[in-house]
Structures are given as C-alpha cells and as structure tokens.
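Scroll down for the structure; my scribbles are underneath it.
Source: prediction; values computed, not measured. Below, all heavy atoms of this structure are taken into account, side chains as well, without hydrogens, waters or symmetry copies. The residues of the chain are indexed from 1 along the displayed sequence.
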Amino acid sequence: MLLLHYTGMNSAAAACDLLCSAQSGVSCHYLVDEDGGITQMVGEEARAWHAGASVWQGETDTNSRSIGIEIHNPGHGIGYRRFPAAQMQAVVALCQDILSRHDIAPRNVLAHSDVAPGRKIDPGELFDWPLLHAAGVGHWVPPAEADGRLLAGADLVRFQHLLRNYGYGIEATGEADEATRKVTDAFQRHFRPGLVNGVPDLSCLRTAERLVAAAA
Ligand SMILES: [Zn+2]
C-alpha cells in the first residue's frame with residue numbers, strides 16, 4: 001500500500017523534527033515540503049510508524065504493508081489550504097518512482113483517512129487525487145453530482161457492500177450508523193470531495209459504482 005498524509009503542523013521543518021524524534025513514536029518514509037522538496041526519512045524496506053490503528057481489506061497492520069508519505073500542509077486544525085502545484089508535482093513524481101519499484105495496485109494508493117475513518121481526515125478533500133490518477137497513480141472516477149437524495153434500505157446495503165468489497169472497514173448493516181457515517185466521510189474526502197458530510201447519498205452510491213466498475 002501507498003499511504004498519503006498531510007503533516008498537520010505549522011511547518012515542514014517542525015514536522016521533520018517530530019518525525020525524527022525517538023520520543024514522538026511517529027515516522028514515515030518520505031516528507032514533501034510545500035516547495036516540492038523531498039526528504040527520505042526511512043528506507044522503503046523498513047517499517048515506519050505512520051498509519052496507527054487502521055484497517056484496509058480486513059488487514060489491520062498497515063504499517064507492515066505500506067510506504068507512507070507525509071505531505072506538508074497545516075491541516076484542518078490550523079489552516080488547511082490547497083496543495084501548491086510544485087508540491088503536487090513532487091508527490092506525483094515520488095509516487096511514480098515508488099510504484100516503479102513496488103507492485104502496488106491502484107486501489108491501494110490511499111488517504112490516511114481511508115484506512116482510519118473517524119480518527120484521521122488527512123490529506124483531506126483539497127488533495128488533488130485526479131492529478132495523481134492522470135499520472136497513473138491510484139484510482140479516480142468523476143464523482144456523480146450530489147443531489148441530496150439520501151440512501152436507505154437496499155440502496156444503503158448496496159453502498160456498504162461496495163465500500164467493503166473495495167477495502168473500507170465497514171459492515172453492511174443497512175443503517176446509517178456511526179461507523180457508516182465515518183467511512184462515508186472518508187469516502188467523500190477521497191472520491192466525492194464536493195460535499196463532505198458523512199451522509200450516504202445517491203451520489204455516493206453512483207460514485208462507488210463507477211469506482212468499482214473502473215477497478216474491475
Ligand atoms: Zn496521517
């Protein structure tokens with residue numbers, strides 16, 4: 001897996017200090033600053049501590065099966081903003097480079113939020129997944145337009161099944177329960193960023209259908 005994060009700190013230098021601190025308990029393989037500078041922090045063959053409690057395709061030890069990239073952005077807590085073009089170009093090139101060395105399926109190029117819904121929201125809805133996809137990195141389909149129609153009954157079960165089969169840690173309960181709202185929020189941040197509210201709606205279902213069809 002290739003897992004993308006934002007730093008959520010005031011500066012890339014502060015993030016670098018934290019990620020190098022033995023006391024912090026966190027680390028990652030690469031750090032990308034806003035100018036596009038890339039720092040390798042951990043060798044790709046080694047396990048870094050970037051994912052934490054997480055699940056994808058039923059597997060919970062994400063750190064043992066992933067490369068983690070921290071992309072500097074202050075984050076939602078202290079000034080979330082668009083990722084500059086130079087930074088995105090560096091992220092694209094770095095991802096392409098990593099994918100040339102590792103057999104990572106497009107569906108396993110993910111946001112931290114995808115594997116830790118409800119706990120993490122990075123790199124967030126401003127991250128340019130379409131740009132990555134256009135460069136051959138990860139999955140993306142044009143999202144269906146949101147029209148406010150909420151999912152219930154069989155449609156909600158279908159949505160939950162689609163997300164579960166795709167990899168998300170969700171049960172097909174047929175209810176818009178708390179776990180479903182958290183996973184829906186993560187799905188929206190990645191694949192339907194125009195409206196992030198954690199509410200499963202028809203646009204989410206249509207987008208998930210497109211995504212699964214494209215992934216087949
Ligand atoms: Zn993260």
- Message: Run the side chain to side chain contact (heavy atoms under 4.5 Å, CB included) test on Thr184 and Val199 for me, step by step, so that the C-alpha distance in whole Å, both residues' side-chain angles and the decisive distance to 0.1 Å come before the verdict.
- Response: CA-CA 7 Å; Thr184 299; Val199 178; 5.9 Å; no
- Item | Asp201/Arg192 under side chain to side chain contact (heavy atoms under 4.5 Å, CB included): CA gap, chis, key distance, verdict | CA-CA 11 Å; Asp201 59 27; Arg192 214 279 309 269; 3.0 Å; yes
- Note on the structure: d(Thr62 OG1, His112 NE2) to nearest 0.5 Å is 8.0 Å
- Smallest heavy-atom separation, Phe83 atom then Pro123 atom, equals CZ-O, 3.5 Å
- Ser27 and Leu19: which non-hydrogen atoms are nearest, and at how many Å? CA-CD2, 3.8 Å
- Decide yes or no on side chain to side chain contact (heavy atoms under 4.5 Å, CB included) for Leu3 and Val115, but give the supporting numbers first. CA-CA 9 Å; Leu3 206 61; Val115 302; 4.0 Å; yes
- Note on the structure: Rounding to 0.5 Å, atoms CZ (Phe127) and NE2 (His5) come to a distance of 11.0 Å
- Mind checking what makes ring-ring contact (aromatic ring centres under 6.0 Å, His included) contact with Phe159, not counting sequence neighbours? Phe187
- Message: Test of understanding: with side chain to side chain donor-acceptor pair (under 3.5 Å), list the residues that count as partners of Thr207, not counting sequence neighbours.
- Response: none
- Task: Kindly write out the residues that satisfy side chain to side chain contact (heavy atoms under 4.5 Å, CB included) with Asn63, not counting sequence neighbours, or none if the list is empty.
- Result: Arg47, Trp49, His50, Ala51, Asp61
- Message: Less than 4.5 Å apart, side chain to side chain, heavy atoms only: is that true for Thr180 and Glu171?
- Response: no
- Note on the structure: Distance col, row Leu162:CG vs Cys204:SG, nearest 0.5 angstrom, shows 11.5 Å
Distance-only criterion, 3.5 Å: show the donor-acceptor pairs between side-chain atoms of residues 134-142 and protein atoms not counting sequence neighbours.
{"from": "His139", "atom 1": "ND1", "to": "Tyr166", "atom 2": "OH", "distance (Å)": "3.0"}

- Say whether Leu195 and Leu163 are linked into one hydrophobic cluster, either directly or through other cluster members, by side-chain heavy-atom distances under 4.5 angstrom. no
- Donor-acceptor contact present, side-chain Asp33 to main-chain Asp35, <3.5 Å: yes
- Item | Joint cluster assignment, Leu4 & Ile98, ILVMFWY side-chain distance < 4.5 Å | yes
- Trp129 with Val32, same ILVMFWY side-chain cluster at under 4.5 Å: yes
- Message: When you measure from the side chain of His29 to the backbone of Val42, do you find a donor-acceptor pair of N or O atoms at a distance under 3.5 Å?
- Response: no
- Task: Under the ring-ring contact (aromatic ring centres under 6.0 Å, His included) rule, collect the residues that match up with His76, sequence neighbours excluded.
- Result: Tyr6, Tyr80
- So salt bridge (charged side-chain N to carboxylate O under 4.0 Å, His left out) across residues 98-113, not counting sequence neighbours, yields Glu44-Arg101, Asp97-Arg101
- Of all residues at least two apart in sequence or in a different chain, which pass the side chain to side chain contact (heavy atoms under 4.5 Å, CB included) check with Ser21? Gln23, Ser24
- Task: Without swapping roles, check the side chain of Glu209 against the backbone of Leu211 for a donor-acceptor pair under 3.5 Å.
- Result: no
- Go through the structure and list residues passing side chain to side chain donor-acceptor pair (under 3.5 Å) with Glu178, not counting sequence neighbours. Lys182
- Met9 CE to Ile78 CD1 distance, which is reported to the nearest 0.5 Å: 7.5 Å
- Item | Verdict with supporting geometry, Asn197 and Gln188, side chain to side chain contact (heavy atoms under 4.5 Å, CB included) | CA-CA 8 Å; Asn197 61 3; Gln188 291 169 339; 3.1 Å; yes
- Task: Might you point out which heavy atoms bring Leu151 and Asp155 nearest each other, and give the distance in Å?
- Result: CD2-CB, 3.8 Å
- Message: Among residues at least two apart in sequence or on other chains, which ones pass side chain to side chain contact (heavy atoms under 4.5 Å, CB included) with Asp147?
- Response: Arg149, Leu202
- Query: Between Gln160 and Thr173, which heavy-atom pair has the shortest distance, and what is it?
  - Reply: OE1-N, 3.0 Å
- Item | For Ala48 against Cys28, the heavy-atom pair lying closest together | CB-CA, 3.8 Å
- Closest approach of Cys95 and Leu2, non-hydrogen atoms and distance? SG-CD2, 3.8 Å
- Kindly work out whether a path of hydrophobic side-chain contacts (I/L/V/M/F/W/Y, heavy atoms less than 4.5 Å apart) joins Ile121 to Leu126. yes
- Query: Just by distance, do the side chain of Glu70 and the backbone of Ala12 share a donor-acceptor pair under 3.5 Å?
  - Reply: no
- Item | Pairs flagged by salt bridge (charged side-chain N to carboxylate O under 4.0 Å, His left out) wherever residues 112-126 is involved - sequence neighbours left out | Glu125-Arg189
- Shared ILVMFWY cluster between Ile69 and Leu99, side chains joined below 4.5 angstrom? yes
- Task: May I ask you to test the Asp185-Arg181 pair for a side-chain heavy-atom distance under 4.5 Å?
- Result: no
- Item | Arg210 side, atom CZ; Leu205 side, atom CG - distance, nearest 0.5 Å | 11.0 Å
- Item | Spacing of CD belonging to Gln87 relative to CD belonging to Glu34, to within rounding of 0.5 Å | 5.5 Å
- Under the side chain to side chain contact (heavy atoms under 4.5 Å, CB included) test, which residues partner Asn108, sequence neighbours left out? Met1, Trp56, Gln57, Ile104, Ala105
- Could I get the full list of salt bridge (Lys or Arg N to Asp or Glu O under 4.0 Å) partners for Glu145, not counting sequence neighbours? none
